Number of protein chains: 2
Amino acid sequence: MKINHNYQKLPGSYLFSTIAKKVAAYGKEHPEAEIIRLGIGDVTLPIAPSIVKAMHEAVEEMGHAETFRGYAPDLGYDFLREAIAKTDYQRLGCEVFADEIFISDGAKCDCGNIQELFSAEAKIAVCDPVYPVYVDSNVMAGRTGEWDETFGRWSNVIYLPCTKENGFVPELPKETPDLIYLCNPNNPTGTTLNREQLKVWVDYANAHDAVIMYDAAYEAYIQEEDVPHSIFAIDGARSCAVEFRSFSKNAGFTGVRLGFTVIPKELVREGVSLHSMWARRHGTKYNGAPYIQQKAGLAVYGDEGQREIREQIRYYMRNAKVIYEGLKKLGYEVFGGVNSPYVWLHTGERSSWEFFDELLDKAHVVGTPGSGFGPEGEHYFRLTGFGSYENTVRAVERMKGL
Amino acid sequence: MKINHNYQKLPGSYLFSTIAKKVAAYGKEHPEAEIIRLGIGDVTLPIAPSIVKAMHEAVEEMGHAETFRGYAPDLGYDFLREAIAKTDYQRLGCEVFADEIFISDGAKCDCGNIQELFSAEAKIAVCDPVYPVYVDSNVMAGRTGEWDETFGRWSNVIYLPCTKENGFVPELPKETPDLIYLCNPNNPTGTTLNREQLKVWVDYANAHDAVIMYDAAYEAYIQEEDVPHSIFAIDGARSCAVEFRSFSKNAGFTGVRLGFTVIPKELVREGVSLHSMWARRHGTKYNGAPYIQQKAGLAVYGDEGQREIREQIRYYMRNAKVIYEGLKKLGYEVFGGVNSPYVWLHTGERSSWEFFDELLDKAHVVGTPGSGFGPEGEHYFRLTGFGSYENTVRAVERMKGL
C-alpha cells in the first residue's frame, strides 16, 4: 500500500462541506427563499475599527523598504506572544510564558496537526458529541480503528458521552486514553465544565500519563465565574495539557486567520518535551503567521480592541439568548447558550438530519445536525448566535409551529 | 510508544534556524560588524504598490458589515483559482483547470504536508542537494529509515546526486521510488532541468507508477526558453505530478504568506484520486487562506501587478549576476544564477560550514552551507540574489582575498 488508505475510512465528507452543498442545492431550487444561516460557526460582524486600523498600518509597512517584513519568526513575533501571555494568562493568574505560545493561522490547523506528535498506537478519547476535527484528523493518521456503521463509532476511540442525562459532563473512562480532547465551552453543546469538573480531568491525566488537548476557542463567551478561561487556571495542568486558542470567535477572525497553541515546558512524555517537538514541527512544516495578521492580533489586546471585541461578544450573546429563550417558549428542550454562542436543542422524535431538512424547507433556517458531531449528538441540533440580531429574531419567529 | 519518536531521529535543528542562531550569536559578540545576509531565501524589496493597494481594499472590506468575509472556501476563492489557471497555465498552453488549484498559506506547508497522502511504506527519492523540507517531513512520518551519521544519509531514501560532475542533472534511480521530489529551478543549486530532461522523469514516473512532487517555487526566475515554467508543460504530467507554487519569490510574499498546489484530476493511485484526498485534507485540517492574502494574490495577476513583479525579478536577477560574475572573477567555480536567484559556488578544500564561518567572520556575509541541503552539497555554498543591490555589490567586494 503506497497511498494512505486511512483517508478512505472517513465516512462521507466533512460535516460543514455537506451542509454547504445541501444549502446551495436548496437555494438553487428555491431562489425566492431568504435563507438565514445559523449553522456553521462563522461570525457576521465586521472586524473592529482598531483592528482594521492596525491591519492598514501593517499593510502600509509591507509596502515600504524600511518597514517591509519577510519571513516571520517560525513561532510568532515576540510582540504578540508577550501580549497574549500577559493578557490572556498572567493577568488571570495562570502561569504561561511568552515562549510557550506558538502563533499559527488558526486553531483548526493546530487541533488537526497536534496528533502528529504522537505515535500511531496512541489512543484517543473524545467527548461525544464534539467538533469533528479531533476524530477525523486521527482517522487520517490511522489511530482510530474501523468505522462501525451501525453505531456510528470508531472501534479504537474512547467516547465520552455528553448528554442531557449526565448534564453534559463526561465521566472518566474505564479504559485509559493517551490523548483526551476536551472543548470548553464545548462545541457543539455550548455547555461547560467548571473549575472543579475540569480539575478531575487534570488530576486524571497526571495520574495516567495522558495528555489533554484543551480547545478553548470559545473562552471569550464565558460569563459564569466558576468556568475557567484556560486549563492553566487549574493546578497541575502544566504537566498534562496543551491549549488551543483562536481569534476567530472572540475577534471575528474566521476570514483573517490567526490562532495559537500553548505548550508548557513541563509537558514531557517518555522523556521528550512536547514543546520542543511542536517547535520542530513549526520550523519544518510551517513558515510563520503573516505579519499583518499578527499585528491585527496585537490590536485585539489593545484597550480599544478589548472594548470593541467585548461589545461584539455581547451582541452574539444577546442572539444566543434570543434563541435559547425563544425555543424554550416554543417548548423545546434547550442547552448551552449561557457561556457560549451555541444553543443545543433536542429534536424530539425527529433525527438530527430530518430536523435539518425540515428547518431548511419550512423555516429557511440553516442549523447543524447534532449527529454530525458524534453518535450521542443524534436527536440534537445546534444553532448559533453568530447571525445578525434581526435575522436571529426572524429565525426564531419562523420556527413557530415547526 | 505513545509519542512519535521519529521526531527524535532528526539530526540537529532545521537548517535555517541553526544559521539564524549562529548569526545572532556572532552579531552579539561583534556589534560593530555590518552583516549582509545572503543566506536564507528571504526577499527584501517591499510589496509592490498595486498589491499593497489591493490589500488595503481588502482590509477595508473586512471592516464593513456589507463586505465582511468570514471563512473562505476551503480550497480558495474562485477569483484567485481562475486567475491562476488562466495566467500561469492556460496562457502557456498547460492544461490545468481552476478546480485543480488548491490555495494555501504557502508552498512550505504544502510540500511538508503532501506526504500525508501516502502510506508509511512509500519510498521517496530526492535530489541531493535539495530543500530540506522534503526529507525532514518524511522523517517525521517515519518513512526514511535510520540516519547514517558517517554518510549523512537516511537508510531508506533514494538520493539523486546533482553535482558539477553530472551537470546537476539527476540520473534515473536503480531502485524504483514511489515519490520523487523535483525542484526546478533547483533550490539550492539554482540549476535547471530543461524540457527534454524533465520529460525523462515524467515518462519514468508514468512507467513506474511513481508520483512527482514538483516544486516550482522559483519558476518566475526562468530566463531560458527551453526551461519549462510548469511540469504541466510536459506531456503526460497530468497522470503523475503534483505542482507546488509560491508567491514568496515572485511577489515577495514571504511575510504575507500565500501559495498553491496543483493536483490534476487524472492523478489516481490504487484507484484513489489524490485530488480528492488533498481536498479532504484541506477540509479537515485547514481553514482556507485569508481573504486579504487572496486579494493580494489576485493583484499579482493584474496588468500592473505583473509589470511590478517582473521589475522586482529583474532586480534580484541583476544581483544574482553580480554574485555570479564577481565570484567567477575571484576564481570560484560558480553555478546557477541564470534561471534562478541562487548562485551555487564550490568551496574548494574548505567544508561548507568552514566556509560559512570564515565568510561570516572575515566578510560579515551570511550564506548557506551546501551540506545543509544534503551530503552531495558538501563543499558547496549558496548565495542569494535577494539582498539589496548595494549590499550585494559590497558582499562580493568583501569576498576578495577570502
Side-chain angles (χ1 to χ4, degrees), chain A residues 1-5 7-8 10 13-14 17 40 42-47 49 52 55-56 59-60 62-65 68-72 74 105-106 108-109 112-113 116-119 121-122 133 136-137 140 178 254-257 269-270 272 277 280-281 283-287 290-293, chain B residues 1-5 7-8 10 13-14 17 40 42-47 49 52 55-56 59-60 62-65 68-72 74 105-106 108-109 112-113 116-119 121-122 133 136-137 140 178 254-257 269-270 272 277 280-281 283-287 290-293:
Chain A
M1 289 209 301
K2 297 308 168 57
I3 69 159
N4 178 354
H5 285 284
Y7 272 62
Q8 286 165 279
L10 287 165
S13 72
Y14 182 63
S17 313
I40 195 164
D42 201 356
V43 298
T44 47
L45 292 177
I47 301 299
V52 168
M55 286 199 284
H56 275 309
V59 166
E60 204 50 38
M62 296 298 275
H64 297 278
F68 171 76
R69 307 267 186 146
Y71 289 119
D74 290 347
D105 68 329
K108 184 179 175 189
C109 301
N113 292 329
E116 286 181 33
L117 304 192
F118 300 88
S119 82
E121 281 69 47
V133 167
D136 288 359
S137 58
M140 290 168 160
D178 300 297
T254 53
V256 172
R257 311 303 316 141
R269 287 296 178 272
E270 299 170 41
V272 181
M277 288 180 78
R280 187 68 197 238
R281 192 199 180 278
T284 303
K285 295 198 200 175
Y286 188 57
N287 231 336
Y291 178 68
I292 298 163
Q293 270 75 358
Chain B
M1 291 209 302
K2 296 307 168 57
I3 69 159
N4 177 356
H5 285 283
Y7 272 62
Q8 287 165 277
L10 286 165
S13 72
Y14 181 62
S17 314
I40 195 166
D42 202 356
V43 297
T44 47
L45 292 176
I47 301 299
V52 168
M55 287 199 283
H56 275 308
V59 165
E60 204 50 40
M62 296 298 276
H64 297 277
F68 171 76
R69 306 268 185 144
Y71 289 119
D74 291 346
D105 68 330
K108 185 180 175 188
C109 302
N113 292 328
E116 286 182 32
L117 305 192
F118 301 88
S119 82
E121 281 72 46
V133 167
D136 287 0
S137 58
M140 290 168 159
D178 301 297
T254 53
V256 172
R257 310 303 316 139
R269 286 295 178 272
E270 299 172 41
V272 181
M277 289 180 79
R280 187 67 197 240
R281 192 198 180 278
T284 303
K285 295 198 199 175
Y286 188 58
N287 230 335
Y291 178 68
I292 298 163
Q293 270 75 357

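So you know, we letter chains A, B, ... as the sequences are listed, proteins then strands, and number each from 1. Since the structure is predicted, the reported quantities are computational estimates derived from the model, not experimental observations.
- Of all heavy-atom pairs between A/E270 and B/I3, the closest is OE2-N, 3.2 Å.
- Note: B/Q293 leads B/R269, B/Q293, B/M55, B/R69 in heavy-atom pairs under 4.5 Å with chain A.
- With sequence neighbours excluded, the residues forming a side chain to side chain contact (heavy atoms under 4.5 Å, CB included) with B/D178 are A/K2, B/A122, B/K123, listed by chain and number.
- Ion pairing between B/K285 and A/D136 fails under the 4.0 Å rule for side-chain N and carboxylate O.
- Chain A forms the most heavy-atom pairs under 4.5 Å with one residue out of B/P46, B/G112, B/A72, and that residue is B/P46.
- For the atom pair CE of B/M62 and NE2 of A/H56, the computed distance is 11.5 Å after rounding to the nearest 0.5 Å.
- In terms of the side-chain hydrogen bond (donor to acceptor under 3.5 Å, both in side chains) criterion, residue partners of A/N4 (sequence neighbours excluded) are, by chain and number, A/N6.
- Contacts with chain B were tallied for A/D74, A/V52, A/N113; A/V52 has the most, counting heavy-atom pairs under 4.5 Å.
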Show, in sequence, the C-alpha distance, side-chain angles and deciding distance for B/K108 and A/Y71, and conclude whether the side chain to side chain contact (heavy atoms under 4.5 Å, CB included) test is met. CA-CA 12 Å; B/K108 185 180 175 188; A/Y71 289 119; over 6 Å; no
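- Both the backbone and the side chain of B/L117 have a heavy atom closer than 4.5 Å to some heavy atom of chain A.
- Rounding to the nearest 0.5 angstrom, the gap separating the CD1 atom in A/I47 from the CD1 atom in B/I292 is 7.5 Å.
- Rounding to the nearest 0.5 Å gives a distance of 6.5 Å between CG of A/N287 and SG of B/C109.
- For chain A, the nearby part of B/Q8 is the side chain; its heavy atoms alone come within less than 4.5 Å.
- When heavy atoms are compared at a cutoff of 4.5 Å, B/F68 approaches chain A solely by way of its side chain, counted from C-beta outward.
- The part of A/D105 that comes within reach of chain B is its side chain, from C-beta onward, which places non-hydrogen atoms under 4.5 angstrom from that chain.
- Atom CZ of B/R280 sits about 9.5 Å away from atom OH of A/Y7, to the nearest 0.5 Å.
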Residues A/E116, B/E116; criterion side chain to side chain contact (heavy atoms under 4.5 Å, CB included); working and verdict: CA-CA 10 Å; A/E116 286 181 33; B/E116 286 182 32; 3.8 Å; yes
